[in-house]
There are 2 protein chains.
Amino acid sequence: MQQPNPVLSALGDAGKRLTIARRAVAEAITEQAGHFTAEDVLAASRLRRRAVARATVFRSLDLLVDLGLVERVDLPSGDHAYVACEPDAHHHHVVCSACGRSVEVGELGLRPILERIESSTGFAIDSHRLELFGLCPECRATAASKRSA
Amino acid sequence: MQQPNPVLSALGDAGKRLTIARRAVAEAITEQAGHFTAEDVLAASRLRRRAVARATVFRSLDLLVDLGLVERVDLPSGDHAYVACEPDAHHHHVVCSACGRSVEVGELGLRPILERIESSTGFAIDSHRLELFGLCPECRATAASKRSA
DNA sequence: CGCTAGATGAGACTGAATCGCAACTAGACG
DNA sequence: CGTCTAGTTGCGATTCAGTCTCATCTAGCG
């Protein structure tokens with residue numbers, strides 16, 4: 001297992017050191033199916049051979065957010081979570097409210113809407129945040145079978 | 001000054017008691033230009049003759065959120081804030097990233113986009129959250145004049 | 001006026017997130 | 001391959017928003 005881990009190579013590209021702690025965080029992140037909290041990463045690192053200090057997890061996460069490899073989302077519950085995502089392209093996340101799995105969706109024609117808002121309010125909109133919550137196909141199926149039981 | 005305060009009358013309609021603490025919170029909220037944090041309300045209540053306990057501020061805020069008189073927004077900074085808003089109609093908020101002032105915008109044709117996402121991802125989207133950040137007209141003007149100076 | 005469910009205040013408590021600082025190490029350089 | 005040092009890390013203390021408990025209080029009704 002060399003390291004096809006995109007998080008690590010991106011760190012290298014950014015001129016950051018590839019420390020043991022960062023490898024551990026990167027691994028913990030890439031094995032998460034959907035969104036995860038800082039605490040999840042912390043717990044995952046502890047299950048592996050290398051535990052990472054809480055402060056370091058936060059520092060690494062901040063770094064990854066800066067690099068655009070990870071994004072912060074605020075769950076409807078108010079909790080803070082993160083999702084791994086492709087850098088560069090502007091996109092949004094659809095988060096399953098049952099299992100937490102998340103998928104990215106592309107830019108999806110929001111632009112004309114933003115322009116409409118800009119002209120009607122006079123605001124110069126420079127950032128937005130669209131978070132979508134619902135049930136993923138699997139959880140819909142589960143919910144449906146439970147209901148019929 | 002009787003009480004044309006919409007927050008208070010809505011509380012009454014919902015069968016809730018109009019206590020002194022709630023009046024204080026309602027006043028603090030209605031005098032906020034834009035978004036505000038729980039701490040802001042707390043501070044505002046202290047400046048007036050009637051200080052409200054921290055726990056009560058949170059309880060009142062939760063209540064107002066339930067009644068749809070106030071909405072929670074998560075600032076890009078990660079802070080939790082609230083915005084007063086009209087109940088009932090589905091809408092979104094545009095928040096000025098400089099002064100915090102916020103205005104509501106209506107439903108704005110997001111529906112077709114949501115449908116597109118549902119069919120492409122298989123998710124059943126049941127809630128979404130769109131928060132827009134940018135400069136309000138006043139702050140744009142201020143920024144522009146500063147830049148030319 | 002008196003009653004009672006609902007509301008409040010005070011402050012202890014929780015848990016996430018941050019900070020400061022000494023110790024460590026990745027990676028550059030000779 | 002050894003040395004050097006800025007970037008990192010770990011640890012523990014700390015902060016701070018938000019919650020909880022419970023005794024006390026009161027809005028609003030009859």
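Residue numbers begin at 1 in each chain, while the letters A, B, ... track the order of the sequences.
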Between the protein and nucleotides 2-4 of chain C, list the N/O to N/O atom pairs that are separated by less than 3.5 angstrom.
none

Per the under-4.0 Å heavy-atom filter, residues of residues 50-60 of chain A near DNA chain D come out as A:Arg50, A:Ala51, A:Val52, A:Ala53, A:Ala55, A:Thr56, A:Arg59

All N/O contacts under 3.5 Å from nucleotides 28-30 of chain C to the protein, with atom names and distances to one decimal?
none

Let me spell it out: for each of B:Ala38 and B:Thr19, pick the nucleotide of DNA chain D with the closest heavy atom. Which residue's pick is nearer the 5' end?
B:Ala38

Mapping A:Leu63 and B:His80 onto DNA chain D by nearest heavy atom, which one lands closer to the 5' end?
A:Leu63

Atom CZ of A:Arg22 and atom P of C:dT25 are separated, to the nearest Å, by 15 Å

Quick one: side-chain hydrogen bond (donor to acceptor under 3.5 Å, both in side chains) partners of A:Glu118, sequence neighbours excluded?
none

Any side-chain donor paired with an acceptor under 3.5 Å for A:His35 and A:His80?
no

Donor-acceptor contact present, side-chain A:Arg54 to main-chain A:Glu39, <3.5 Å
no

One thing to verify: whether A:Glu31 and A:Arg48 come together as a salt bridge, which I'm taking to mean a side-chain N less than 4.0 angstrom from a carboxylate O.
yes

Would you mind telling me which of B:Leu63, B:Val83, B:Ile29 makes a side chain to side chain contact (heavy atoms under 4.5 Å, CB included) with B:Val70?
B:Ile29

Do you know the tightest heavy-atom contact between B:Ser45 and B:Val52?
OG-N, 3.2 Å

Please round to 10 degrees the angle between the axis of the first five pairs and the axis of the last five pairs in the helix from C:dC1-D:dG30 to C:dG30-D:dC1.
30°

Aromatic centroids of B:His92 and A:His128 separated by under 6.0 Å
no

On DNA chain D, reading 5' to 3', which nucleotide is the first and which the last to sit with an atom under 4.0 Å from a heavy atom of chain A, could you check?
D:dA6 to D:dC11

